[in-house]
Amino acid sequence: MSHLKRATLGGLAALLLSTSAYAQDLSVEVYTNWVSGGESAALNAIASAFEAKGGTWIDFAVPGDSVAPGITRIVAGDPMGAAKMQSTDLDELYAAGLMADIDEVATKDNWKDRLADFVWESITRDGHVYAAPINAQSEVWLWYNKKVFADLGIEEPQSYDELFTALDKINEAGIIPFAVGGQDWQLAILFYKILAGVAPDVYLQMQSDDYEAALNSDGFKQAAEIFGRLRDYDDEGGPGRQWNVAVNMVATGQAAMMVMGDWAKGEFTAAGQTADVEYGCMLGPQNDAIILTGDIFLFPKDEAEREGQLLLAETMLEPETQVAFNIAKGSMPATLDTDVSKMDACTQKAMAVLQDPAKRLPGLSYVMSPDRRTGLQDAISKYWSDEAAAPESLAEAMLDTFKSTN
Amino acid sequence: MALPVSLRKLPAVIAMAPTTFFVVVVLCFGLLWTVWTSFTSSKLLPSNDFAGLDQYVRLFGSDLWQVAVINVAVFGVLFIGGCLALGYVLAVLLDQNIRFEDGFRTIFLMSASLSFVVTGIVWQWIFDPTFGTQAAVRDWGLTGFRFDWLTREDTAIYALVGAGVWQATGLGMVIMLAGLRGVDQDIWNATRIDGVARWKVYVHVIPAMIRPMIITAAVLLSLTAIKIYDLVVVMTGGGPGISTEVPAKYVMDMLFQRSNLGQATAAATMMLLAICLLVGLPWGIVRLRQARSAGGVQE
């Protein structure tokens, strides 16, 4: 047993030695948590573009939600060249002096003008650029089954009143009107979509220091009411349901509609369906402002990989890379000036809307600590699962979270 | 020629060295570091900014933690009680000189060899109202049948208890069965002569005689209960709402989802304290009593 262990350890050590021996010139080790089929295909799109320019891509993928495997190595002084993390992770890593800037690439390629303002701010600290955004994801999509809509003679609802009329009609037809994945983060996506729809200004105010006013506003109350009313339109299997199961309910016509981010497209595609043919995507009802989130790659300080890091950052924001990556990943280019005519109908629809800066709403991951964000999710999910809870109780619970976190 | 004592002990010292190293460095250092970090304002990265009792103030003020503590108490009492009661009944049934005892014992113990993850997935299917038992019974024609414990806030924790008891009963059973096998045949002869019914002996006499076994089983089960995590994550993810949150999940979420080392270590420290008080203390008292009564016999 111990021999076996020792042999394995020896093998691992040899492996580590050999990777560090390769780590020179233009090779960069890249940390992500992307391991599924679509995700690896997307990563390969970057890797192949990078290697075409003479770089060497070393994959360091650890599945799971946690960034701990990456953080541990950076803090221990054995950083990888690039790490997929959140901009809120950047705060502390930057303050600890562990990040390398990529100013020269960002200036040369004019990143500032090509990115949404809040994305640009999220990758810069004190005027220097420390990360490269690879995609943008809309988190406000309402996906619906076109056949169910057509059979019942329903048009895309233009307001929440129309939406509820449609939901009632679908309910009478014996179809589940609204599929819900009853997990914290999914319910949060649904709630913020409604909030951004009925009161985008409140959604933005909630991200500022003036959050208390936002939570007490009429817009917030209205959103909480609409969100609460939706409880009557899902089925009883909702609690704990995975998002892909909910998407499949819509794809198969078991349910009529659902709300989820861009990545739902992957499930429709896997079911052999095409946007605007079997399934429809709408940004509304009421308001087509888009909550954008996205993935960014940070560049930890590592002299040996410096040249490779710069080349990789440059490659990541090239339009060809952005398009190839996002076709595979199902999301949109982070560079909003990119030509998306080769991409699917939903992406084209969203990109057209995003040309208006007023329609770009920052996702909470850009502006709030994971601590606060997750706390808010708990409050939202608690409100959802307690059918008797009044809209005020949501505002109260969220205010508690705001006050106990920072 | 006899070696001096110190030299004779050398192989033992060498053999114990790795264990000692791990206990001292990994365990003790880890514990101290955890406790220290809980008094700092650490977030994503560990820092040494002393923050006093801030983390504990927030911890005890948090809804999530309060729900988690109540849940683990409810879960613990029902889970340990259920496993012991059911395990004892099974052990008694197996103790009746039945045929195929080995086979039954293996079957009852089998569930304990499954991880909580596997157990959780299976029971989640069983409880899923659109897929499991409820859907099946409704398909047979009983359309009013309801079995939706897992998806209702007030009952989800009991669904977890059910799955937990199913998994761990076998363990309680074998430990207590071993105890039953150790009961002196004279007891049975004596009670038979006195004309005491067999079930009465099992209810009134035997439990006291196999008390050490019951305590062992209870301690093992309580350790499982306090650190329960995987079963919850797989079956409910803490939901619906926050109704099935547990302390271990609070720690893990703070650590890996919310990047809040300070909160995570504060919660972990409270769990450590709870284990010391609830498990360590009674265990210590029992051992002390045993030692005393053993000493008394010698005198």
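Lettering follows sequence order; numbering is per chain, from 1. Computed from a predicted structure; not experimentally measured.
Salt-bridge formation is detected for the pair A:D378/B:R258: a Lys NZ or Arg NE/NH1/NH2 atom is positioned less than 4.0 Å from an Asp or Glu carboxylate oxygen. Salt bridge annotation for A:D91-B:K43: absent, with no cationic side-chain nitrogen under 4.0 angstrom from a carboxylate oxygen.
Of the two parts of B:Q257, the backbone and the side chain both hold a non-hydrogen atom closer than 4.5 Å to a non-hydrogen atom of chain A. When heavy atoms are compared at a cutoff of 4.5 Å, B:Q134 approaches chain A solely by way of its side chain, counted from C-beta outward. Contacts between B:D154 and chain A at a heavy-atom distance below 4.5 Å are absent for every atom of the residue. Residue A:D386 touches chain B through both its backbone and its side chain, counting heavy-atom pairs closer than 4.5 Å.
Atom CG of B:L44 and atom CE of A:M85 lie 8.0 Å apart (nearest 0.5 Å). Between the CG atom of B:D54 and the OG atom of A:S404 there is a distance of 12.0 Å, given to the nearest 0.5 Å. Taking CE from A:M249 and OG1 from B:T130, the interatomic distance works out to 7.0 Å, rounded to the nearest 0.5 Å. For the atom pair OG of A:S66 and CG of B:L255, the computed distance is 7.5 Å after rounding to the nearest 0.5 Å.
When only modelled atom types and interatomic distance are considered, B:T151 and A:E236 share no side-chain donor-acceptor pair under 3.5 Å.
The environment of NZ in B:K249 is crowded: more than 12 heavy-atom neighbours from other residues, nucleotides or ligands sit within 6.0 Å. Around the CH2 atom of B:W33, the shell of radius 6.0 Å holds more than 12 heavy atoms that belong to other residues, nucleotides or ligands. Under a cut-off of 6.0 angstrom, the local environment of CZ in B:F50 is crowded, with over 12 non-hydrogen atoms contributed by other residues, nucleotides or ligands. Counted within 6.0 Å of CZ on A:F60, heavy atoms from surrounding residues, nucleotides or ligands total more than 12; the atom is thus considered enclosed. Within a 6.0 Å sphere centred on CZ of B:F22, other residues, nucleotides and ligands contribute 12 heavy atoms or fewer.
No other option in A:A96, A:A95, A:G375 has as many heavy-atom pairs under 4.5 Å with chain B as A:G375. The most heavy-atom pairs under 4.5 Å with chain B, out of A:V75, A:D184, A:D235, A:D89, come from A:D89. Highest contact tally toward chain B, considering only A:G182, A:P239, A:G237, is held by A:P239 [criterion: heavy-atom pairs under 4.5 Å].
Among residues two or more places apart in sequence or in another chain, the side chain to side chain contact (heavy atoms under 4.5 Å, CB included) test is passed with A:P370 by A:T88, A:R373, B:S259.
Within the 4.5 Å cutoff, the side chain of A:T374 has no heavy atoms near those of the B:M254 side chain.
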